[in-house]
Amino acid sequence: LSDKQRDAIVVAARRMAARGMTIADLWGRDIGLPELRGTMRKIIREVTQESGLVVLKGMPVEELNEEETALAWHLTTAPLGRLRSQSGWGELMGRVEYVDDGRDWRGYTKTKELNFHTDHADTVALLCVRQGPAGGASRLVSQGALREIIAEENPEALALLNRGFPYAWFEEGPPDASGPVSDFNVPVLVEHKGRVQGVFIQSFMLAAAQAIERVLTKDEIAAIELVSQVANRPGIALEFRMEPGHALIFDNLSMMHARTAFERSDNPSESRLLYRLWYATQPPRPRQPGIAQYEDALMRAYKDPSLAG
């Protein structure tokens with residue numbers, strides 16, 4: 001970001017914060033900053049049509065408090081699409097930080113390593129507000145790269161992954177759920193409309209099988225495990241440690257991400273904090289039907305604002 005862009009972000013965020021506004025107040029409004037229009041056009045093209053990933057540097061987190069920073073991040077990334085809800089509580093911004101709440105299945109609020117997975121959005125925008133004392137490196141891998149390798153080494157496993165598996169709802173099933181797991185399969189590494197995409201949360205697949213007392217075959221277990229095994233091979237994934245003011249914007253439909261374990265500080269001002277926004281692309285991008293069915297079900301569970309009325 002240029003100095004002019006940073007200044008525009010700071011002025012706008014402070015003005016809105018002074019009026020008592022929150023991200024929820026801005027939902028559905030055209031709030032993109034003119035100073036960022038050209039930059040965001042380039043980012044959107046890179047994320048949705050090319051590599052799927054952009055590293056943005058220079059967000060003015062040191063000039064803003066936490067509330068202002070949250071507004072600033074949405075003001076910056078608003079052209080990515082329509083904000084999506086991130087939980088059953090209707091949160092529009094996720095605070096990625098340690099929380100001792102007993103919900104181990106919400107791994108982003110724990111210090112442990114997070115294996116490769118996808119979120120529940122078309123595009124993810126992740127801003128580093130503070131880093132912890134050590135650890136917390138971000139890792140990203142292309143589903144297209146994984147598909148190419150697995151197709152060559154084990155096409156039978158790829159067929160199982162493309163078929164997909166049921167997913168556990170945990171505490172966040174949609175109102176029309178017929179049970180504790182999805183009654184349809186959710187695929188990964190599947191080609192659709194010229195791009196490889198998918199949903200992958202290994203623990204949700206295994207928990208679903210356990211919930212309905214379905215015994216996965218050796219081939220199914222091997223196929224699920226193969227995704228992480230390939231992604232963790234040297235040279236396959238990109239890995240780096242974000243610093244305050246650094247951000248990742250990536251195509252969640254075609255990328256998987258992970259995080260190394262991190263140390264937490266007893267001093268709140270030194271504790272690791274990232275702000276996460278989920279966006280639905282506007283106009284909508286093509287999604288494979290099983291992926292769309294799963295993500296849309298979660299948005300019903302998450303009380304997404306787009307469903308109001």
Side-chain angles (χ1 to χ4, degrees), residues 1 6 9-10 13 17 22-23 53-77 80 83-89 91-121 123-141 170 200-204 228 231-232 237-250 252 255-279:
L1 294 173
R6 288 166 53 90
I9 293 169
V10 169
T22 67
I23 288 178
L53 168 67
V54 168
V55 179
L56 182 67
K57 297 182 179 180
M59 279 296 298
V61 298
E62 72 283 353
E63 300 177 44
L64 302 169
N65 62 34
E66 289 189 9
E67 291 74 18
E68 293 167 344
T69 298
L71 287 165
W73 189 222
H74 182 34
L75 287 167
T76 300
T77 57
L80 293 172
L83 272 183
R84 298 193 78 165
S85 180
Q86 298 191 31
S87 75
W89 301 287
E91 299 166 303
L92 292 175
M93 188 194 73
R95 290 177 62 99
V96 182
E97 61 183 339
Y98 176 76
V99 179
D100 184 11
D101 60 359
R103 291 185 171 93
D104 288 342
W105 49 274
R106 279 193 168 270
Y108 71 90
T109 63
K110 305 297 176 281
T111 62
K112 64 183 180 181
E113 178 182 7
L114 294 183
N115 296 322
F116 280 102
H117 65 282
T118 55
D119 283 352
H120 306 305
T123 305
V124 174
L126 193 62
L127 171 66
C128 180
V129 181
R130 295 189 300 268
Q131 260 296 5
S138 298
R139 309 181 68 207
L140 293 106
V141 67
F170 289 101
F200 186 78
I201 312 175
Q202 182 170 329
S203 60
F204 282 36
S228 296
N232 282 304
L238 175 68
E239 179 174 330
F240 58 96
R241 190 172 189 265
M242 297 171 68
E243 298 298 334
H246 292 183
L248 291 174
I249 301 173
F250 60 91
N252 184 65
M255 305 284 289
M256 296 181 190
H257 59 288
R259 185 201 68 204
T260 63
F262 68 91
E263 295 181 12
R264 64 186 181 95
S265 173
D266 293 330
N267 184 345
S269 66
E270 297 176 355
S271 60
R272 186 178 190 270
L273 173 63
L274 282 72
Y275 283 164
R276 183 184 68 190
L277 297 175
W278 287 353
Y279 285 98

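Although no hydrogens or angles enter the test, the distance criterion places a donor-acceptor pair under 3.5 Å between the side chain of Asn65 and the main chain of Glu67. No donor-acceptor pair under 3.5 Å is formed between the side chain of Gln131 and the backbone N or O of Arg241. When atom types are taken as modelled, the side chain of Trp73 and the backbone of Ala125 share a donor-acceptor pair closer than 3.5 angstrom. One N or O on the side chain of Arg272 and one on the backbone of Gly136 form a donor-acceptor pair closer than 3.5 Å. A donor-acceptor contact shorter than 3.5 Å links the side chain of Asn252 to the backbone of Ala121.
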Between Trp278 and Leu83, does a side chain to side chain contact (heavy atoms under 4.5 Å, CB included) hold up when you go through it step by step?
CA-CA 6 Å; Trp278 287 353; Leu83 272 183; over 6 Å; no
Hey, mind stepping through Leu248 and Leu53 against side chain to side chain contact (heavy atoms under 4.5 Å, CB included) and telling me if it holds?
CA-CA 7 Å; Leu248 291 174; Leu53 168 67; 3.9 Å; yes
Going through the distances and angles, do Arg276 and Gln86 end up as a side chain to side chain contact (heavy atoms under 4.5 Å, CB included)?
CA-CA 9 Å; Arg276 183 184 68 190; Gln86 298 191 31; 2.8 Å; yes
Step by step, would you call Tyr275 with Glu66 a side chain to side chain contact (heavy atoms under 4.5 Å, CB included)?
CA-CA 10 Å; Tyr275 283 164; Glu66 289 189 9; 3.2 Å; yes
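Distance check: Ile249 CD1 to Thr123 OG1 gives 9.0 Å after rounding to the nearest 0.5 Å. Within the model, atoms CG of Leu71 and OG1 of Thr22 stand 7.0 Å from one another, a figure rounded to the nearest 0.5 Å. Atoms CG and CD1, from Asn115 and Ile201 in turn, are 12.0 Å apart once rounded to the nearest 0.5 Å. Taking CG of Leu126 as the reference point, atom CZ of Arg259 lies at 10.0 Å (rounded to 0.5 Å).
Glu63 is linked by a salt bridge (charged side-chain N to carboxylate O under 4.0 Å, His left out) to Arg6, counting only residues two or more places apart in sequence or in another chain. Scored by the salt bridge (charged side-chain N to carboxylate O under 4.0 Å, His left out) test, Glu263 finds no partners at all (sequence neighbours excluded). The side-chain contact (heavy atoms from CB on, under 4.5 Å) check on Ser271 picks up Arg130, with sequence neighbours excluded.
Smallest separation of non-hydrogen atoms from Thr118 and Met256: CG2-CG, 4.0 Å. When all heavy atoms of Ile23 and Ala70 are compared, the pair lying nearest together is CD1-O, 3.6 Å. Taking both residues in full, the closest heavy atoms of Ala237 and Arg139 are given as CB-NH2, 4.3 Å, listed atom of the first, atom of the second, then distance. The shortest heavy-atom contact between Met242 and Ser138 is SD-OG, 3.5 Å. For Ala231 against Val141, the heavy-atom pair with the smallest separation is CB-CG1, 4.2 Å. Nearest heavy atoms, Ala258 versus Leu114: CB-O, 3.2 Å.
In summary, of the residues considered (Phe200, Phe250, Phe240), a ring-ring contact (aromatic ring centres under 6.0 Å, His included) with His257 occurs for Phe250 alone. Just one residue in the list Leu274, Val61, Leu56 forms a side chain to side chain contact (heavy atoms under 4.5 Å, CB included) with Leu127, and that residue is Val61.
Using a 4.5 Å heavy-atom cutoff, the side chains of Thr76 and Met59 are in contact.
Of the N and O atoms on the side chains of Thr77 and Tyr279, at least one donor lies less than 3.5 Å from an acceptor on the other residue.
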